[in-house]
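What follows is a single structure, written as structure tokens, with notes after it.
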Amino acid sequence: MKGFLHSQDGSYAFPLGPKVTTIGRENCDISINSNNVDNQHALIEFDDEQRCFILKDLNSSTGTYVHDCRVQNAAVRLNNEDVIRFGFNGLPLEFKIEQQQQQQHQEAFYDNVLKIS
């Protein structure tokens with residue numbers, strides 16, 4: 001399963017790593033050059049067991065937001081098309097899961113449900 005952070009105007013997309021992707025101003029997988037973003041601001045990791053992406057704020061000073069709700073001392077499971085901002089006034093980025101992989105995962109889930117029933 002592949003995940004991406006897309007700008008809302010569609011001008012660019014950041015691919016997420018297969019396990020952990022760090023986000024911040026310096027020495028990160030995704031670098032955001034903004035005073036509202038800490039050097040090491042947040043991370044997104046893929047949970048193999050739950051087959052989902054998890055967002056964690058790294059105690060940033062300006063916060064990480066999913067649909068305008070601040071993520072503090074928690075891990076948030078990301079859903080397709082969630083809007084994420086790094087810093088209160090940060091550029092909104094849309095989380096997207098590669099559709100082909102998502103559809104195959106859903107079909108496998110429903111196949112398993114039918115076998116159990």
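Being a predicted model, the structure only gives us computed values, none of them experimental.
In this structure, Asn79 contributes its side chain and Asp82 its backbone to no donor-acceptor pair below 3.5 Å. With hydrogens and angles ignored, the 3.5 Å screen pairs a side-chain donor or acceptor of Arg25 with a backbone N or O of Val37.
Partner of Phe95 under the side-chain contact (heavy atoms from CB on, under 4.5 Å) criterion, chosen from Leu16, Leu55, Val83, Val66: Leu16.
Neither Leu91 nor Leu43 shares a network with the other; the hydrophobic side chains, linked directly or stepwise wherever heavy atoms of I, L, V, M, F, W or Y lie under 4.5 Å apart, form separate groups for each. Ile97 is connected to Ile44 through a chain of hydrophobic side-chain contacts under 4.5 Å among Ile, Leu, Val, Met, Phe, Trp and Tyr, so both are in one cluster.
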Distance-only check: which donor-acceptor pairs under 3.5 Å involve side-chain atoms of residues 68-78, not counting sequence neighbours?
unit_1: Asp68; atom_1: OD1; unit_2: Arg85; atom_2: NE; d: 3.4
unit_1: Asp68; atom_1: OD1; unit_2: Arg85; atom_2: NH2; d: 2.6
unit_1: Arg70; atom_1: NH2; unit_2: Ser60; atom_2: O; d: 3.4

Could you tabulate the donor-acceptor pairs under 3.5 Å formed by side-chain atoms of residues 27-36, not counting sequence neighbours?
unit_1: Asp29; atom_1: OD2; unit_2: Thr22; atom_2: N; d: 2.9
unit_1: Asp29; atom_1: OD2; unit_2: Thr22; atom_2: OG1; d: 3.3
unit_1: Ser34; atom_1: OG; unit_2: Asn36; atom_2: N; d: 3.1

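Checked against ring-ring contact (aromatic ring centres under 6.0 Å, His included), His6 has the following partners two or more places apart in sequence or in another chain: Phe4. With sequence neighbours excluded, the residues that form a ring-ring contact (aromatic ring centres under 6.0 Å, His included) with Phe46 are Phe53. For Glu94, the side chain to side chain contact (heavy atoms under 4.5 Å, CB included) criterion is met by Glu81, Lys96, not counting sequence neighbours. Annotation: side chain to side chain donor-acceptor pair (under 3.5 Å) contacts of Asn59 (sequence neighbours excluded): none.
Salt bridge annotation for Glu45-Lys56: present, with a cationic side-chain nitrogen under 4.0 angstrom from a carboxylate oxygen.
Between atom CG of residue Asn89 and atom OG1 of residue Thr62 there is a gap of 9.0 Å, rounded to the nearest 0.5 Å.
Proximity of Asp38 to Leu58: side-chain heavy atoms (C-beta onward) are nowhere separated by under 4.5 Å. Looking at heavy atoms from C-beta onward, Tyr12 lies in side-chain contact with Leu93 at the 4.5 angstrom threshold.
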